[in-house]
Amino acid sequence: MVLLQNHKVSFIPGWDCHGLPIELKVLKSMDKATLNALTPIRLRQKAAKFAKVTVNAQMNSFKRIGIWADWDSPYLTLSPEYEAAQLEVFGQMVMRGYIYRGRKPVHWSPSSRTALAEAELEYSENHVSKSIYAAFKITSPSSSGLLDEFLPNVCLAIWTTTPWTIPANAAVAVNPELSYAVVELQSVLESESTSGGKQQKLGSILSSGIEKPFIIVASDLVSVLESKWGVKLVIRKSFPGSVLEHCRYLHPVNGNECSVVIGGDYITTESGTGLVHTAPGHGQEDYLTGLKYGLPIVSPVDDEGNFTAEAGQFSGLSVLGAGNAAVVKYLDEHVSLILEEPYKHKYPYDWRSKEPTIFRATEQWFASVDGFRDAALDAIKRVTWVPSQGENRIVNMISGRSDWCISRQRTWGVPIPVFYHVDTQEPLITEETIEHIKAIVSEKGSDAWWYMKTEELLPDKYRDKASEYRKGTDTMDVWFDSGSSWAAVSAKRDGLNFPADVYLEGSDQHRGWFQSSLLTSIATTGKAPYSSVITHGFVLDKDGLKMSKSVGNVVDPEKVILGGKDSKKEPPYGADVLRLWVSSVDYTGDVLIGSEILRQMSDMYRKLRGTMRFLLANLHDWNPENSVPYSDLPKIDQYALFQLENVVASMKDSYDNYQFYKIYQVCNIFV
């Protein structure tokens with residue numbers, strides 16, 4: 001429509017070419033001998049070739065559908081000029097103090113062996129964890145003397161859905177605003193101890209013949225836990241959580257003394273015991289609480305998700321499998337387990353491998369979102385969001401997000417241009433080093449980082465000390481790649497404007513491309529990279545189900561256009577029928593497509609085309625010289641033209657607001 005109004009439109013299609021999906025695809029295509037002989041540069045060459053082949057195939061498909069775009073000059077994130085622009089954005093963020101290296105817990109995928117960003121996660125609602133209630137024995141109460149009468153047999157009760165993190169425990173956190181109670185465990189109520197069914201297992205603490213300790217839990221949870229554990233709990237003393245601070249307890253695995261600390265409002269009485277097992281190396285809230293108290297960041301887990309030697313007797317076991325079970329068994333054998341039961345809850349999965357992730361503390365590179373969060377939220381208000389609810393969605397995501405982990409432990413990507421001192425491991429990353437590497441990448445591409453020597457990659461200022469440094473091996477998060485498109489395209493190409501008029505993508509990109517583009521642009525330019533953002537839903541099958549090759553419900557656009565092997569079941573509709581279907585649906589939500597929908601759309605297409613042919617046939621010999629002034633027309637013709645003008649105005653308004661389905665509905669009335 002904008003083209004028909006004599007405006008020049010530049011629609012620049014782009015492809016994200018780096019990342020784990022392509023790397024894994026390439027690795028899976030190799031035999032064992034090829035894998036054993038594989039070098040990083042060879043892997044990158046194969047990944048680049050695969051990406052380019054895929055881009056060409058997708059581009060031809062888009063062309064066949066009839067999409068108008070600058071197909072001769074798309075942007076590919078693997079091109080040297082794009083990679084150089086990305087490094088420029090990274091360098092500017094470094095110089096502004098937004099990039100830092102730290103050891104903190106991040107989402108880690110054992111199946112992919114790399115850190116993940118929030119946008120690379122899928123949350124399963126059906127994940128089942130092995131949850132436990134455990135007791136940690138108090139060795140030294142606080143100075144108030146509040147617990148003296150219960151010594152030496154009083155314990156803190158915790159609940160966790162990740163027993164494998166117990167070896168990394170550094171503290172137990174309480175909420176100072178909650179009321180806590182020392183309860184006495186009396187008779188086991190056999191009739192009530194089966195609330196969890198056969199899957200529930202009582203721990204050794206609740207076994208007969210064992211002296212029952214006094215247990216500290218949140219007062220509001222006593223009745224719930226009484227039913228859950230099947231034990232009569234009698235409150236012996238109550239007090240605010242604040243008095244528990246600095247109590248000391250015995251670590252249930254390594255025997256060290258640890259402290260009770262004050263946590264935040266994440267400690268509630270909605271579940272658990274009101275006391276939170278705290279492992280700063282395996283959780284975000286735990287990490288922040290650990291910083292406050294100077295707790296050690298212990299994370300005895302390797303890249304593959306197995307316990308390291310630091311975990312002692314659990315070394316080598318998978319934390320999501322045998323290691324988890326081994327920790328529970330150990331606690332039970334050492335009279336620290338109260339109850340074990342399965343717990344169904346929402347849990348993050350790697351969106352590529354479809355396997356569960358863990359929180360794990362590693363050395364990573366981060367972008368400090370706190371440094372420009374407020375500016376990003378302010379910029380969002382000045383962007384037009386279509387549909388409007390997209391604004392609330394991205395505001396919520398920006399408001400609540402943590403710092404952005406931008407490093408990945410993979411080969412196929414843009415390198416983080418940093419050198420490390422071979423002795424101290426201190427990073428060398430300055431304006432001069434980044435500019436030098438950017439110039440090399442602009443000319444040779446990012447492969448140069450892998451095949452050039454350290455002395456060649458360092459600027460003259462540091463070249464004589466090249467032997468003291470090694471190249472880093474981390475690559476950038478692919479969302480940093482895509483989030484730099486404004487810098488590589490809008491801000492660099494002749495004839496284009498920054499910010500771009502429109503960004504167009506799926507509704508899942510509020511946590512992906514839309515967000516990463518906003519963050520990098522705000523951090524370096526202070527403004528959003530787009531004036532408006534249009535989001536669309538997803539195409540589902542005729543029953544509203546997600547398309548899947550394994551289910552067999554995929555509707556292939558090529559088959560819609562050209563037809564399938566059985567022309568009766570899969571007739572060739574041509575591109576125009578598919579295009580008409582696209583214009584007919586409200587794309588702001590998920591849309592349905594199937595054989596019956598396509599058949600109806602084909603009928604509508606023929607009616608619409610026939611009507612247009614009839615109208616044009618009646619006008620084929622019309623001459624403007626024969627036109628009649630509006631005032632001389634009969635009333636019925638004036639009314640018809642008046643209605644036509646209303647229709648035209650309505651259609652133009654719908655075009656201006658990207659509501660194409662309303663135009664289809666108007667056309668449907670007249671045919």
Side-chain angles (χ1 to χ4, degrees), residues 1-11 65-69 382-393 500-507 530-540 573-593 597-620 622 624 626-671:
M1 182 61 183
V2 179
L3 283 170
L4 296 177
Q5 293 174 336
N6 294 322
H7 292 286
K8 181 181 179 181
V9 177
S10 296
F11 175 28
I65 295 171
I67 297 174
W68 288 1
R382 295 191 290 274
V383 174
T384 301
W385 299 88
V386 181
S388 59
Q389 58 263 35
E391 179 174 353
N392 291 333
R393 189 172 185 188
D501 294 316
V502 177
Y503 268 40
L504 169 66
E505 247 289 6
S507 55
Y530 35 65
S531 298
S532 58
V533 171
I534 303 174
T535 59
H536 58 77
F538 294 89
V539 181
L540 308 176
Y573 288 113
D576 281 342
V577 170
L578 188 60
R579 289 165 61 83
L580 184 62
W581 169 79
V582 171
S583 71
S584 72
V585 296
D586 181 0
Y587 63 83
T588 59
D590 292 341
V591 296
L592 310 184
I593 192 171
I597 293 172
L598 287 168
R599 188 190 64 77
Q600 293 173 359
M601 196 56 55
S602 178
D603 291 343
M604 179 59 191
Y605 168 73
R606 285 196 297 270
K607 290 178 182 178
L608 184 61
R609 190 168 185 269
T611 301
M612 294 299 181
R613 289 184 67 186
F614 176 79
L615 293 174
L616 289 171
N618 278 278
L619 294 172
H620 84 281
W622 181 79
N626 299 329
S627 61
V628 179
Y630 181 80
S631 58
D632 294 340
L633 290 173
K635 291 293 184 183
I636 187 66
D637 288 344
Q638 289 183 355
Y639 177 74
L641 289 175
F642 171 76
Q643 288 291 74
L644 176 62
E645 183 59 28
N646 285 339
V647 170
V648 171
S650 173
M651 294 174 73
K652 184 179 183 303
D653 181 69
S654 296
Y655 272 120
D656 290 341
N657 290 286
Y658 312 107
Q659 296 174 321
F660 310 115
Y661 67 96
K662 290 187 176 181
I663 300 166
Y664 171 83
Q665 291 170 354
V666 170
C667 293
N668 203 17
I669 294 173
F670 292 102
V671 298

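What you see is a predicted model, and the numbers here were worked out from it, not measured in a lab.
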**Request:** Provide the closest heavy-atom pair for M651 versus I663 in the form atom of the first, atom of the second, distance.
**Result:** CE-CG2, 3.3 Å

**Request:** Please assess L578 against Y573 for the test side chain to side chain contact (heavy atoms under 4.5 Å, CB included), listing each intermediate value before the final yes or no.
**Result:** CA-CA 8 Å; L578 188 60; Y573 288 113; over 6 Å; no

**Request:** Taking all non-hydrogen atoms of both residues into account, name the closest pair between I67 and R579 and its distance.
**Result:** N-NH1, 4.1 Å

**Request:** Rounded to the nearest 0.5 Å, what's the gap from OG on S531 to OH on Y503? Could you check?
**Result:** 10.5 Å

**Fill in**
Heavy-atom nearest pair, W622 first then S627, reads CZ2-CB, 4.0 Å

**Message:** Please evaluate residues Y661 and S654 with respect to the criterion side chain to side chain contact (heavy atoms under 4.5 Å, CB included), reporting the C-alpha separation (whole Å), side-chain torsions for both, the decisive distance (0.1 Å), and the verdict.
**Reply:** CA-CA 8 Å; Y661 67 96; S654 296; over 6 Å; no

**Message:** Test of understanding: with salt bridge (charged side-chain N to carboxylate O under 4.0 Å, His left out), list the residues that count as partners of R606, not counting sequence neighbours.
**Reply:** D603

**Message:** Nearest 0.5 Å, please: how far is CD in Q659 from CG in D653?
**Reply:** 7.0 Å

**Request:** Answer yes or no: is there a side-chain heavy-atom contact under 4.5 Å between Y664 and D586?
**Result:** no

**Prompt:** Measuring from S507:OG to Q389:CD, what's the distance to the nearest 0.5 Å?
**Reply:** 10.0 Å

**Message:** If you count every heavy atom of other residues, nucleotides or ligands that lies below 6.0 Å from R599 atom CZ, does the total exceed 12?
**Reply:** yes

**Request:** Would you please test H536 and Y658 for side chain to side chain contact (heavy atoms under 4.5 Å, CB included) and show each step?
**Result:** CA-CA 11 Å; H536 58 77; Y658 312 107; over 6 Å; no

Tell me which donor-acceptor pairs under 3.5 Å the side chains of residues 633-646 have, and how far apart each pair is, sequence neighbours excluded?
| residue | atom | partner | partner atom | Å |
| --- | --- | --- | --- | --- |
| Q638 | NE2 | Y630 | O | 2.8 |
| Q638 | NE2 | L633 | O | 3.4 |
| Y639 | OH | Q643 | NE2 | 3.3 |
| Q643 | OE1 | N646 | ND2 | 3.3 |

**Item:** Q665 CD to F660 CZ distance, which is reported to the nearest 0.5 Å
**Value:** 13.5 Å

**Message:** Checking V383 now: which residues fulfil side chain to side chain contact (heavy atoms under 4.5 Å, CB included) with it, not counting sequence neighbours?
**Reply:** W385, A528, Y530, V533

**Request:** State, to 0.1 Å, how close D590 and F538 come at their nearest heavy-atom pair, and which atoms those are.
**Result:** OD1-N, 2.7 Å

**Request:** First locate atom CG of N618, then atom CZ of R613, and finally report the distance between them rounded to the nearest 0.5 Å.
**Result:** 13.0 Å

**Message:** With rounding to the nearest 0.5 angstrom, report the OG to CZ distance, S602 to R609.
**Reply:** 11.5 Å

